[in-house]
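In what follows, a single structure is set out as structure tokens and then discussed.
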Amino acid sequence: MTVTKSTAWKGENWFVSDFRKLIKRMGIWRKYIFLLLLRSPFDAARTWVLANLLKEVFICLETNNSGMLPKICVVYGLFCGGLFIYNGIIWSYYAAFSAKTEVLLQKKMFDKILNLPLKRINSRFSGEWITRLNSDIQAAFMMMNGPMNTPHLVVAVINTIFSSFLMLKSSPLFLGITWMFIALQLFANYNTVIKAVPKLKEESQNAISENTSAIKPLITDADTILLYDAGKLMMKNCYDTSRKLMKTNMKIHMRNALSDACMRLFGIGGYLMILLMGYGFISKGVMAFSDLIYCFQIRGSVMAGMFMLITCINNLKTNSVCVKRINDIFEE
């Protein structure tokens with residue numbers, strides 16, 4: 001079968017459409033987007049405040065103008081206090097929204113399963129329905145509102161773009177070095193995690209269903225199992241399904257660990273290269289120490305934003321398998 005470019009694109013991005021479809025089905029699309037936008041500027045604003053604070057402090061030290069330090073600390077302290085208050089207000093609204101979202105999703109899913117024909121219910125193991133009502137919904141909720149998922153993805157994108165713009169104005173060369181190492185990390189992450197983890201997550205969810213179905217008879221049909229002396233057979237079945245689940249989850253953890261190791265390695269490599277080049281520029285009088293500190297602070301924000309973005313994409317691709325399973329139930 002020939003795979004066209006559009007088909008490949010659809011295969012890579014189906015999780016986006018499934019997520020959007022679930023949000024619209026729950027009727028929270030507009031409010032959800034609005035709250036995400038309200039949360040998004042915090043990291044970018046904090047990056048600007050901290051970077052300029054450090055730059056101003058080192059300029060004072062370089063020019064022997066230490067009398068300005070108290071004024072600078074007060075001004076930027078007020079900025080930080082305002083950001084803290086703003087973030088606290090938005091988080092209070094978002095926390096209430098998240099709690100209502102989880103309850104709404106559970107209710108809609110439970111009502112949908114209750115309205116399915118009995119023949120459709122009996123066509124699947126009870127363990128699979130339990131998995132969809134628990135772990136699938138939990139994964140969908142994590143994708144919508146959990147840490148290092150969609151909310152932090154939006155924050156990471158805005159912070160990375162804003163920080164890159166600030167670094168471009170300060171030193172295009174250092175920005176190029178930073179993005180060179182980021183590109184290497186993106187390539188490594190794509191090949192180790194993004195391409196493989198969704199399939200492994202689906203295998204994990206199926207293994208959970210099988211394991212739940214294997215354990216349930218030991219509780220509900222214990223007398224029958226003892227009557228036919230089938231204890232060893234049932235325990236072996238539990239052992240096999242549990243081992244299958246463990247192996248699949250270990251593959252996911254190993255790939256995530258490999259991606260994290262590459263992330264740290266490339267991050268340190270970029271830091272050392274900029275440090276060595278910055279030392280040379282300062283020795284030649286081309287750059288002041290305060291400018292180098294400013295670039296390091298902004299670079300740290302760019303890297304933090306990209307690391308957050310990579311982690312969010314990995315988690316979204318993993319949890320999107322559960323979102324697709326939920327949508328499949330709603331569309332039956």
Side-chain angles (χ1 to χ4, degrees), residues 16 19-20 23 28-58 71-102 140-171 174-175 178-179 182 185-186 189 260 263-264 267 270-271 290 293-317 319:
V16 178
F19 179 63
R20 182 171 62 247
I23 296 294
I28 59 172
W29 177 255
R30 292 183 179 179
K31 188 173 183 180
Y32 183 64
I33 296 298
F34 179 68
L35 287 174
L36 286 180
L37 292 177
L38 285 179
R39 285 187 55 181
S40 58
F42 175 78
D43 277 26
R46 186 184 62 175
T47 295
W48 180 85
V49 169
L50 294 179
N52 280 277
L53 171 61
L54 284 174
K55 184 176 181 179
E56 294 292 336
V57 168
F58 278 98
K71 181 180 178 181
I72 292 173
C73 292
V74 169
V75 171
Y76 284 100
L78 291 175
F79 273 120
C80 291
L83 286 175
F84 177 79
I85 294 172
Y86 172 82
N87 195 46
I89 293 172
I90 299 303
W91 264 106
S92 63
Y93 281 104
Y94 198 90
F97 171 78
S98 298
K100 292 178 181 178
T101 300
E102 186 174 15
F141 173 75
M142 288 294 293
M143 188 174 182
M144 284 188 282
N145 301 313
M148 291 301 171
N149 278 273
T150 303
H152 286 90
L153 176 71
V154 178
V155 172
V157 169
I158 293 178
N159 186 39
T160 302
I161 294 173
F162 181 74
S163 300
S164 297
F165 174 74
L166 292 178
M167 197 170 185
L168 179 64
K169 292 179 63 178
S170 179
S171 176
F174 288 169
L175 178 63
T178 300
W179 274 101
I182 288 176
Q185 170 57 26
L186 289 174
N189 182 73
D260 188 66
M263 189 185 303
R264 308 303 170 188
Y271 176 84
S290 57
I293 293 297
Y294 179 82
C295 287
F296 270 131
Q297 186 68 29
I298 298 298
R299 177 196 172 273
S301 183
V302 174
M303 296 298 293
M306 282 307 303
F307 290 165
M308 184 186 294
L309 181 64
I310 291 171
T311 304
C312 290
I313 291 174
N314 292 343
N315 292 337
L316 288 174
K317 290 285 283 186
N319 293 329

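Here the side chains of Pro41 and Ile158 are not in contact, with every heavy-atom distance at 4.5 Å or above. Side-chain contact check for Tyr294 versus Leu166: some heavy-atom pair is nearer than 4.5 Å. Residues Ile90 and Tyr86 meet the side-chain proximity criterion, which asks for heavy atoms closer than 4.5 Å. Contact check for Cys312 versus Thr150: no side-chain heavy atoms found under the 4.5 Å cut-off. Residues Ile293 and Lys55 have side chains not in contact (no heavy-atom distance under 4.5 Å, counting atoms from C-beta outward). By the 4.5 Å heavy-atom criterion applied to side chains, Arg39 and His152 are counted as neighbours. Residues Ile182 and Val302 meet the side-chain proximity criterion, which asks for heavy atoms closer than 4.5 Å. With contacts defined as side-chain heavy-atom distances shorter than 4.5 Å, the pair Leu35/Lys31 qualifies.
Nearest heavy atom pair, residue Ala156 against residue Met308, reads CB-SD, 3.8 Å. Ser40 and Val154 make their closest contact through CB-CG1, 3.8 Å (heavy atoms, listed as atom of the first residue, atom of the second, distance).
In terms of modelled atom types and a separation under 3.5 Å, the side chain of Ser170 and the main chain of Met167 share no donor-acceptor contact. The backbone N or O of Asn315 lies less than 3.5 Å from a partner atom in the side chain of Asn319, making a donor-acceptor pair. Between the side chain of Asn159 and the backbone N or O of Val155 there is no donor-acceptor pair closer than 3.5 Å. The backbone N or O of Met142 sits less than 3.5 Å from a side-chain atom of Asn149, completing a donor-acceptor pair.
When ring centroids are compared, Phe296 and Phe174 stay outside the 6.0 Å threshold.
Using cut-offs of 30° and 60° for the angle between ring planes, the Phe79 and Tyr76 rings count as tilted.
Between the side chains of Tyr32 and Asn145, no donor-acceptor pair of N or O atoms lies under 3.5 Å.
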